[in-house]
Amino acid sequence: MSSLLVRPQEPDSQGRILEVTPESAGWGHVGFRVHKLAKGEKISWQTGDREECVVLLTGRATIASGKEQWENIGDRMDVFEKKRPYAVYLPNDVSCGVEALTDLEVAVCSAPGKGSYKARLIGPDQIASTTRGEGSNVRHVHDILPETEDADGLLVVEVYTPAGNWSSYPPHKHDEDNLPHESQLEETYYHLLNPAQGFALHRVYTDDRSLDETMAVEHGNCVLVPRGYHPVGAPHGYELYYLNVMAGPKRVWKFHNDPDHEWMLDAR
């Protein structure tokens, strides 16, 4: 089994079904986990030395941190409703509590924190919605925590790839600290499919092919991108959603296209 593919497990006492830590991934920045809670369940934790972005994938919740409380947030019952989500930004060294007001799926994205910013709600009206690409390269993007918004290291975005289309394409990478040309960012992809029995293809490869893996990803799988190019394809009949988390030494997203495939950008 690929070391880059993380599959969901049965929920633990905190409803956690999937977790990636810097230690488990073998890198230094990105953390990611998913909790599934039934209506009425509550969980809590401390952010420790990490800043977090808590994204409500589906369902409604009340989220509290210190004296702050955001009540009855979330109006997306299925990610494929394509509504922009609710999220909460949390700095390091604070508490967080989540109460599920409906059945709930929540993602917790994290990176090392410096305590530069206060906890805040990120509402749908604060999230830009854009479309990238053309033809079979079209995908639709919600920028949850882009580099234009305050955070120490985190970048968070969700993407919808229509059935039969490609995403993160032409293949690009961001694994060298070579600004202004390229930034070094680790990345996770949390994949969901519609219908859920589907699959997508995710390749991660480097120029010298020292890393070259192609994975069939299923509903609820997470793919690690420590380095290299990382295109994703959605087969006919299956729409693909993924939640991306990125972080690295500098909070800048600057990518480099695979020169073998960059020609298609000039052919448009």
Side-chain angles (χ1 to χ4, degrees), residues 1-27 30-45 50 52-61 63 74 76-82 85-87 96 98-100 102-111 142 144 154 156-161 167-168 186-204 213-226 230 232-235 237-247:
M1 186 176 74
S2 170
S3 62
L4 303 182
L5 183 62
V6 182
R7 292 188 170 93
Q9 306 295 323
E10 289 298 313
D12 65 10
S13 61
Q14 292 276 299
R16 181 168 35 216
I17 60 168
L18 185 148
E19 183 167 27
V20 175
T21 67
E23 292 75 21
S24 70
W27 59 30
V30 170
F32 179 74
R33 66 182 191 269
V34 179
H35 299 262
K36 277 192 174 180
L37 304 176
K39 180 180 178 180
E41 288 188 318
K42 300 178 183 180
I43 58 173
S44 62
W45 66 88
R50 303 182 67 76
E52 297 182 342
C53 182
V54 181
V55 181
L56 299 188
L57 297 171
T58 61
R60 293 198 308 275
I63 298 180
R76 189 169 72 177
M77 298 299 114
D78 187 316
V79 296
F80 291 100
E81 292 174 4
K82 300 184 179 67
Y86 281 80
C96 182
V98 176
E99 178 183 1
T102 65
D103 289 349
L104 182 72
E105 183 171 6
V106 60
V108 182
C109 319
S110 73
H142 292 156
I144 299 168
L154 269 175
V156 182
V157 62
E158 62 180 15
V159 179
Y160 294 89
T161 306
S167 198
S168 295
E186 305 157 356
E187 187 168 19
T188 55
Y189 279 67
Y190 179 57
H191 290 284
L192 300 172
L193 287 133
N194 181 33
Q197 72 268 24
F199 68 94
L201 297 179
H202 199 156
R203 185 184 183 195
V204 181
E213 295 193 24
T214 301
M215 293 154 278
V217 296
E218 297 180 325
H219 188 79
N221 287 179
C222 183
V223 171
L224 312 182
V225 183
H230 40 277
V232 182
Y238 292 99
E239 185 177 20
L240 175 66
Y241 164 96
Y242 55 79
L243 180 68
N244 280 145
V245 184
M246 293 183 284

Are the side chains of [X] and [Y] in touch, meaning some heavy atoms are under 4.5 Å apart?
| X | Y | answer |
| --- | --- | --- |
| Tyr160 | His142 | yes |
| Phe32 | Leu243 | yes |
| Arg50 | Pro22 | yes |
| Pro8 | Val34 | no |
| Arg76 | Leu57 | yes |
| Val79 | Thr58 | yes |

If you compare all heavy atoms of [X] against all heavy atoms of [Y], which two are closest, and at what distance to 0.1 Å?
| X | Y | value |
| --- | --- | --- |
| Leu193 | Gly198 | CD1-O, 3.6 Å |
| Cys96 | Ile63 | SG-CG2, 3.9 Å |
| Ala100 | Ala38 | CB-O, 3.4 Å |
| Leu56 | Pro85 | O-CB, 3.8 Å |
| Gly220 | Tyr190 | O-CE1, 3.4 Å |

Glu158 and Tyr241: side chain donor to acceptor below 3.5 Å = yes
Under a 3.5 Å distance rule, please check whether [X] uses its side chain to pair with a backbone N or O of [Y] as donor and acceptor.
| X | Y | answer |
| --- | --- | --- |
| His35 | Gln14 | yes |
| Ser167 | Val232 | no |
| Asp103 | Lys39 | yes |

ask   = Given His191, which of His219, His202, Glu218 fulfils the side-chain hydrogen bond (donor to acceptor under 3.5 Å, both in side chains) condition?
value = His202
query = Take atom CZ in Phe80; do more than 12 heavy atoms of anything else shown fall under 6.0 Å from it?
reply = yes
More than 12 heavy atoms from other groups under 6.0 Å of NZ on Lys82 = yes
ask   = Rounded to the nearest 0.5 Å, how far does CG of Leu18 lie from CZ of Arg7?
value = 11.5 Å
note = Value for CG (Leu154) from CE (Met246), rounded to nearest 0.5 Å, stands at 10.5 Å
